[in-house]
Amino acid sequence: MTLHQNFINGDWTGTEAVPNFNPSDTNDIVGEFARGDANDVANAVTAARQAFVKWAHSGPMERHAVLRKASDEILTRKEELGRLLAREEGKTLAEGIGETVRAGQVFDFFAGEALRLAGETVPSIRPGIEVDITREPVGVVGIITPWNFPIAIPAWKIAPALCYGNTVVFKPADLTPGCAWAIVDILKRAGLPGGVLNLVMGKGSVVGQAMLDHSGIDAITFTGSVATGKRVAAPCAEQMRKVQLEMGGKNPLVVLDDADLDTAVECAVNGAFFSTGQRCTASSRLIVTDGIHDHFVKSVTTRMKALVVDNALKEGTHIGPVVDQNQFEQDEKYIAIGRDEGAHLAFGGERLNRETPGFFLQPALFTEATNEMRISREEIFGPVASVIRVGDYEEALAVANDTPFGLSAGICTQSLKHASHFKRNSEAGMVMVNLPTAGVDFHVPFGGRKGSSYGPREQGRYAREFYTTVKTAYIQP
Ligand SMILES: NC(=O)C1=CN([C@@H]2O[C@H](COP(=O)(O)OP(=O)(O)OC[C@H]3O[C@@H](n4cnc5c(N)ncnc54)[C@H](OP(=O)(O)O)[C@@H]3O)[C@@H](O)[C@H]2O)C=CC1
Ligand SMILES: O=C(O)CCC(=O)C(=O)O
């Protein structure tokens with residue numbers, strides 16, 4: 001089996017390798033991937049610092065060309081890369097291809113942005129002086145990504161980093177190195193100079209920690225759990241470097257009496273269970289008013305019974321496996337906690353046996369849940385959702401906002417008054433009306449409030465707030 005090596009200073013390197021398993025079929029080894037260490041991180045940082053001198057001053061056309069070529073190749077190979085994604089992460093093939101397309105679109109967007117770099121000239125308050133405001137790259141950016149969007153999240157961090165003239169040390173999740181390796185290989189062949197993008201695969205506790213400890217990294221962008229996010233933030237504050245954290249969610253979907261039932265059910269099922277519920281934007285709290293509650297629960301349950309949970313690569317599968325044994329145990333643990341707390345397991349929650357040995361879990365729906373229960377407050381990150389019954393819109397809004405998180409929030413209603421009020425008063429970074437809480441556009445800001453996010457927004461033009469630093473120059477000609 002081919003060894004997929006790390007990529008440092010323009011060279012493939014590394015001999016120690018570990019197999020990467022398919023969560024739909026643990027007999028299937030996706031590939032052998034190198035595991036780096038602190039020494040590799042040090043070499044990658046040195047290479048990135050050296051390459052920064054030139055890349056920071058590269059012209060917009062050079063950056064545009066590389067990003068554009070990468071986009072073209074990702075889109076051309078979307079079936080193959082989507083299959084790799086589904087095989088290593090467990091999303092269905094359709095979801096894997098969809099995410100690959102999203103990654104291609106992100107590179108295309110930032111290829112365009114590279115041609116739109118601009119500054120401002122403003123008159124000074126002092127006569128005869130000119131003031132220029134320009135943006136410069138931050139330097140060497142450390143990128144640490146999770147397993148749940150193994151091609152889209154690396155894309156929406158790497159593309160803006162390169163677009164704005166930064167160089168990169170990239171550590172993907174240990175569970176999903178295949179997509180990360182493919183993106184780096186594509187960018188190398190797209191003409192990126194050596195050292196501009198360095199890939200160090202391996203464990204967070206080793207490679208990620210070495211990145212946090214290395215003073216040669218100027219900024220760190222991270223997506224993952226709250227616990228790790230806090231570990232990333234602390235040394236960044238200590239060393240006064242820029243940090244951007246995208247973490248968990250406990251996203252509410254409010255369903256009001258006047259909602260269109262079919263729309264509400266689709267939003268709930270898609271938001272809560274698609275991608276096996278492994279999305280930080282998943283709707284894990286379904287907050288439903290009294291009048292529609294019983295119809296809603298019945299219809300969601302009926303819809304859940306029709307979901308096919310099976311091998312991610314099999315045609316007809318709606319829900320793939322949980323990503324690995326650890327996550328499976330976490331999901332099972334929370335299902336037990338929900339029962340112990342007194343919520344009613346209305347459907348699902350059991351392990352499923354399929355033709356291939358994988359981590360298949362029947363999506364679970366709790367009813368009679370309260371917002372105080374741990375299943376309503378802590379991120380489970382699996383196909384588990386709870387229905388919380390409320391009396392009216394005001395109570396629904398209060399419950400929706402009563403959470404340590406604030407990433408995405410949704411409402412299903414036909415009332416413009418309630419939709420507008422919710423849009424204004426929801427304490428979340430993203431609000432959806434008659435749409436699932438998960439599934440976002442690639443060209444607009446992504447991020448949340450409270451415990452969900454820290455630092456500037458990701459994606460779209462707003463990404464430049466993190467990947468650039470502003471310089472104000474005063475000139476007396
Ligand atoms: N909100 C979100 O988007 C996501 C949330 N999660 C949540 O996190 C839980 C655990 O998933 P997991 O992937 O382990 O999430 P983590 O937060 O542990 O991992 C995210 C990334 O951080 C790395 N990392 C881990 N420890 C350190 C460290 N000490 N220093 C620097 N980097 C580190 C990981 O490396 P490694 O390769 O070793 O994992 C991975 O690349 C999930 O059950 C879920 O609740 C997970 C993924 C995404
Ligand atoms: O819902 C989406 O489209 C994106 C979700 C995401 O980025 C995440 O789960 O980390």
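Whatever order the structure lists ligands and atoms in, that order sets their numbers, starting from 1.
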[Y] versus [X], side-chain donor and acceptor atoms under 3.5 Å:
X	Y	value
T13	Q5	no
S283	T437	yes
K157	T223	yes

Is there a side-chain contact between L187 and I183 (heavy atoms, below 4.5 Å)?
-> yes

Can a protein heavy atom be found under 4.0 Å away from atom 14 (O) of ligand 1?
-> no

Heavy-atom protein neighbour under 4.0 angstrom from atom 19 (O) of ligand 1 = no

Closest to atom 28 (C) of ligand 1 among G204, G224, S453, G249 (heavy-atom distance) = G204

For atom 26 (N) of ligand 1, which candidate among D331, T228, N326, V232 provides the closest heavy atom?
-> T228

Quick one: look at [X] and ligand 1, take heavy-atom pairs under 4.0 Å, and tell me if it's side chain, backbone, both or neither.
X	answer
M211	neither
F149	neither
N148	side chain

Starting from [atom], what is the nearest protein heavy atom, named by residue and atom, and what distance separates them?
atom	answer
atom 32 (N) of ligand 1	G208 CA, 3.7 Å
atom 23 (C) of ligand 1	I144 CG2, 3.7 Å
atom 4 (C) of ligand 1	F381 CZ, 3.3 Å
atom 47 (C) of ligand 1	P146 CB, 3.4 Å
atom 9 (C) of ligand 1	S225 CB, 3.9 Å
atom 41 (O) of ligand 1	T145 O, 2.8 Å
atom 29 (N) of ligand 1	Q209 OE1, 3.3 Å

Would you say ligand 1 has an N or O under 3.5 Å from any N or O of [X]?
X	value
D174	yes
W147	yes
M247	yes
Q330	yes

Do D402 and K250 sit within salt-bridge range, that is, some charged N less than 4.0 Å from a carboxylate O?
-> no

Is it true that D11 and K188 make a salt bridge, defined as a side-chain N closer than 4.0 Å to a carboxylate O?
-> no

Are any protein N/O atoms closer than 3.5 Å to the N/O atoms of ligand 2? If there are, list each pair with names and the distance to one decimal place.
from	atom 1	to	atom 2	distance (Å)
ligand 2	1 (O)	T281	OG1	2.5
ligand 2	1 (O)	G439	N	2.8
ligand 2	3 (O)	R102	NH1	3.2
ligand 2	3 (O)	R102	NH2	2.7
ligand 2	3 (O)	G439	N	3.3
ligand 2	3 (O)	V440	N	3.1
ligand 2	9 (O)	N148	ND2	3.0
ligand 2	9 (O)	C280	N	2.5
ligand 2	10 (O)	N148	ND2	3.4

Under 4.0 Å to a heavy atom of G202 - the qualifying atoms of ligand 1, by number |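 The list of qualifying atoms is 37 (O).
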
Judged by non-hydrogen atoms, does F222 sit under 4.0 Å from ligand 1?
-> yes

Check whether any heavy atom of G382 sits under 4.0 Å from an atom of ligand 1.
->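 Contact check G382 vs ligand 1: negative.
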
